Amino acid sequence: MSIIETKVLTKTYGRIQAVRGIDLNIEKGEIFGLLGPNGAGKTTTIGMLCTIIRPTSGSASIAGYDIVKNPASVRRKVGIVFQDPTLDTVLTGYENLKLHALLYGVPANLREKRIREMLELVDLADRCNDLTRTYSGGMRRRLELARGLLHRPAALFLDEPTLGLDPQTRTRIWDYIKKMAQKEQTTVVLTTHYMEEAERVCDRVGIIDHGRIIALDAPDNLKELMGGDLVVIRAQEPPAKKIKALPYVKEVKLDKDAIEITMKDAHLHLPELLSIIPDVECVEIRVPTLSDVFIRLTGRDIREDSAEDSGSWIDSVARYRQRGN
Amino acid sequence: MNGNRWQKELTGIYAVWWRELKVFQREKSRIVSSIVQPLMWLFLFGTGIGASVNISAVNYQDYIYPGVLTMSVLFGSVFFGLYIVWDRKLDVLKAVLVAPVSRISIFLGKVLGGCTDVMLQIIILFLFSFLFPSINPWGIPLAFLLLFITSIALVSMGLALGSLLESLEGFQVISSFLVFPLFFLSGALFPIDEKLPGWLVGLVKLNPLTYAVDGVRGALLNVNIFPFYIDLGVITFFAVIMFLLGSILFSRMK
Ligand SMILES: Nc1ncnc2c1ncn2[C@@H]1O[C@H](COP(=O)(O)OP(=O)(O)OP(=O)(O)O)[C@@H](O)[C@H]1O
Ligand SMILES: [Mg+2]
């Protein structure tokens with residue numbers, strides 16, 4: 001059963017086409033990632049689904065409620081963690097959750113129990129009586145996650161939940177998200193720039209660029225687009241023909257002093273492959289990542305400042321090609 | 001189903017009101033200054049001017065006591081309302097505005113929150129009323145009612161302006177060109193009599209706060225120009241208009 005359905009969902013701001021006809025079907029219980037560069041239309045899409053932004057055309061429904069015709073019901077069904085922090089910093093952690101519980105009409109007899117549950121889930125029970133002004137960035141984000149889930153939404157939207165946090169905190173936040181989605185059986189729709197992280201958490205991802213979804217599938221299936229793993233071997237005289245004949249090898253490219261092999265499941269077949277190549281000097285395996293898929297599909301890197309991604313599949317190819325020439 | 005919806009809206013109003021009260025409790029320095037400032041008007045300004053000014057029946061300090069109460073309501077209410085500009089800047093309101101509660105309920109919660117803040121300050125100022133011998137303590141409930149309605153009007157006005165303002169820069173402008181003129185032209189500090197030039201009397205009579213000051217002065221000192229029903233009528237009308245205007249602008253706010 002689809003919990004979120006959009007049909008040619010479109011938003012234009014004057015001449016800017018922020019979202020250009022998005023069709024999505026997100027299943028109940030799924031963790032769905034919306035990946036794309038700055039300005040791709042992620043926040044706008046989420047804004048429309050949460051009824052904050054009115055679509056220019058197209059339609060969407062959440063848990064069966066139309067976002068334009070029935071915004072009040074949609075609002076009751078969704079939780080949202082905004083891209084920018086929105087905690088009330090003059091209130092304590094506990095008070096922030098209480099305010100939210102009241103606003104969302106969590107029944108009085110469940111309120112306290114639910115607040116405690118959520119505080120424990122994000123490990124903030126011991127700090128819940130401190131003003132959120134005194135929280136670290138990671139703690140604030142965790143409290144926002146707890147707040148988003150407090151009223152048991154059918155769908156939880158997380159807009160860049162890990163933006164601006166250090167790598168260690170990011171990993172923790174992702175762990176919480178996975179744990180929460182599992183425990184609460186909530187559908188999660190998230191956006192992020194961090195491809196490697198999305199790959200680890202999301203059941204499916206949609207790659208969005210210039211307001212359009214250009215690919216949508218499970219991360220593993222998307223990576224299949226790249227044709228498999230890349231193995232680069234430096235050897236004196238690699239037997240190219242023999243290698244090409246192997247059933248799991250897709251493509252072989254010979255450079256001056258190296259051979260590039262595109263193949264399935266390199267980690268399984270490497271021993272056999274190496275056994276037929278004499279005098280191997282060095283071997284490098286590159287497993288494709290979502291970033292590689294993104295570059296292949298858009299011709300661009302998702303982040304200009306992607307020092308972290310250097311060493312990806314495509315970088316390797318580029319590097320070896322350069323060396324070959 | 002329908003009853004449930006009403007209950008949810010009421011809980012939403014309560015939620016917003018509760019939040020404002022929490023914030024109020026934490027801003028101790030604001031509470032202190034909102035009490036000390038009117039007392040300074042009464043004792044420093046009142047004593048100084050009172051030494052050379054003579055007003056018919058009562059002494060000058062007693063005479064301006066109702067005016068200073070109204071001033072407290074004016075400043076407290078308008079600045080409370082304008083404060084949403086800051087809330088919006090900090091995105092505090094964003095999470096509240098996506099909740100399944102109608103804008104009008106959120107607005108109402110804010111208005112009630114602001115009125116509660118202001119009226120708590122007024123109650124403390126009433127505690128000092130024994131220092132002013134001409135004040136009739138039995139008039140306090142009526143004065144309270146008038147000031148409460150005035151507060152609804154002025155918090156709504158502050159929220160209306162706050163919904164329109166993009167940045168905090170507008171604060172200064174509103175305070176110099178709206179709040180202070182409303183105060184000076186309200187008869188809070190001087191009687192409206194034949195000694196005033198005609199243009200000033202005209203402006204004073206156009207100012208809705210004049211009727212608040214007059215009504216409160218009537219209740220507490222039995223000194224007034226307009227009959228009580230006029231004062232109450234004008235203030236109530238002002239409150240209704242401001243509330244409607246505020247709720248419309250607040251609902252349209254991005
Ligand atoms: N209120 C607005 N008025 C005009 N243009 C807007 C508005 N909101 C968004 N846009 C434009 O719409 C496009 C999509 O913006 P959006 O915020 O959805 O991108 P995003 O994918 O969330 O980007 P980021 O990763 O930077 O958060 C951008 O070109 C942006 O400038
Ligand atoms: Mg965004």
Side-chain angles (χ1 to χ4, degrees), chain A residues 13 43 46-54 62 65 67 70-92 94-108 111 129-133 140 143-144 146-148 150-151 153 156-157 159, chain B residues 1-31 79-80 83-110 112-114 117 250-254:
Chain A
Y13 291 106
T43 300
I46 288 195
M48 286 190 283
L49 292 176
C50 294
T51 79
I52 306 164
I53 300 172
R54 203 187 160 82
I62 291 180
Y65 297 112
I67 58 162
N70 208 342
S73 304
V74 171
R75 283 173 180 223
R76 216 159 287 138
K77 288 284 171 194
V78 301
I80 177 165
V81 174
F82 291 100
Q83 184 165 352
D84 306 312
T86 60
L87 285 181
D88 208 327
T89 50
V90 284
L91 298 183
T92 65
Y94 169 83
E95 287 164 352
N96 265 284
L97 296 190
K98 181 167 170 192
L99 176 65
H100 186 89
L102 290 170
L103 286 170
Y104 280 79
V106 176
R111 208 179 290 145
N129 290 322
D130 296 342
L131 294 185
T132 52
R133 209 196 330 250
R140 288 181 196 192
L143 189 69
E144 287 191 299
R147 186 176 67 174
L150 191 67
H151 57 287
L156 177 64
F157 293 91
D159 200 355
Chain B
M1 183 66 212
N2 234 339
N4 198 3
R5 227 203 110 197
W6 279 107
Q7 197 192 335
K8 290 212 159 109
E9 293 293 335
L10 279 179
T11 319
I13 296 169
Y14 168 74
V16 176
W17 176 81
W18 174 82
R19 185 259 171 191
E20 296 307 332
L21 229 64
K22 283 278 164 200
V23 175
F24 181 68
Q25 277 172 24
R26 302 234 154 93
E27 296 184 329
K28 300 254 158 43
S29 62
R30 209 189 81 201
I31 303 179
F79 289 114
F80 174 92
Y83 207 72
I84 58 158
V85 178
W86 188 245
D87 282 356
R88 266 157 70 207
K89 211 176 191 83
L90 295 179
D91 277 339
V92 171
L93 265 182
K94 209 167 167 182
V96 175
L97 295 180
V98 287
V101 173
S102 67
R103 276 286 175 103
I104 189 110
S105 295
I106 294 170
F107 178 76
L108 188 55
K110 278 267 176 198
L112 291 178
D117 285 13
F250 190 80
S251 299
R252 292 209 180 141
M253 181 181 71
K254 285 260 165 189

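Just so it is clear: chains get the letters A, B, ... in the order the sequence lines come, proteins before strands, and each one is counted from 1. None of these values were measured; they are calculated from a predicted model.
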Tell me, side chain or backbone of [X] under 4.5 Å from chain B's heavy atoms, or both, or neither?
X: A:Phe82; result: side chain
X: A:Thr51; result: neither
X: A:Glu95; result: both
X: A:Leu103; result: both
X: A:Pro71; result: neither
X: A:Leu87; result: backbone

**Report entry** Test log, rule side-chain contact (heavy atoms from CB on, under 4.5 Å), inputs A:Gln83 and B:Asp91
**Finding:** CA-CA 11 Å; A:Gln83 184 165 352; B:Asp91 277 339; over 6 Å; no
Shortest non-hydrogen separation from [X] to [Y] and the atoms involved:
X: A:Ala72; Y: B:Pro100; answer: O-CB, 4.0 Å
X: B:Arg26; Y: A:Leu91; answer: NH1-CA, 3.7 Å
X: A:Gly105; Y: B:Lys8; answer: O-CE, 3.9 Å
X: B:Ala99; Y: A:Arg75; answer: O-NH1, 3.6 Å
X: A:Leu102; Y: B:Trp18; answer: CD1-CE3, 4.5 Å

Please report the interatomic distance [atom1]([X]) to [atom2]([Y]), rounded to the nearest 0.5 Å.
X: A:Leu131; Y: B:Lys22; atom1: CG; atom2: NZ; answer: 11.0 Å
X: A:Thr86; Y: B:Leu97; atom1: OG1; atom2: CG; answer: 10.5 Å
X: A:His100; Y: B:Arg19; atom1: NE2; atom2: CZ; answer: 15.5 Å

Tell me whether [X] at atom [atom1] has more than 12 heavy atoms from other residues, nucleotides or ligands lying less than 6.0 Å away.
X: A:Arg54; atom1: CZ; value: no
X: A:Tyr65; atom1: OH; value: no
X: A:Lys98; atom1: NZ; value: yes

Report task. Can you tell which part of B:Leu90 gets under 4.5 Å to a heavy atom of chain A, answering side chain, backbone, both or neither? Result -> backbone
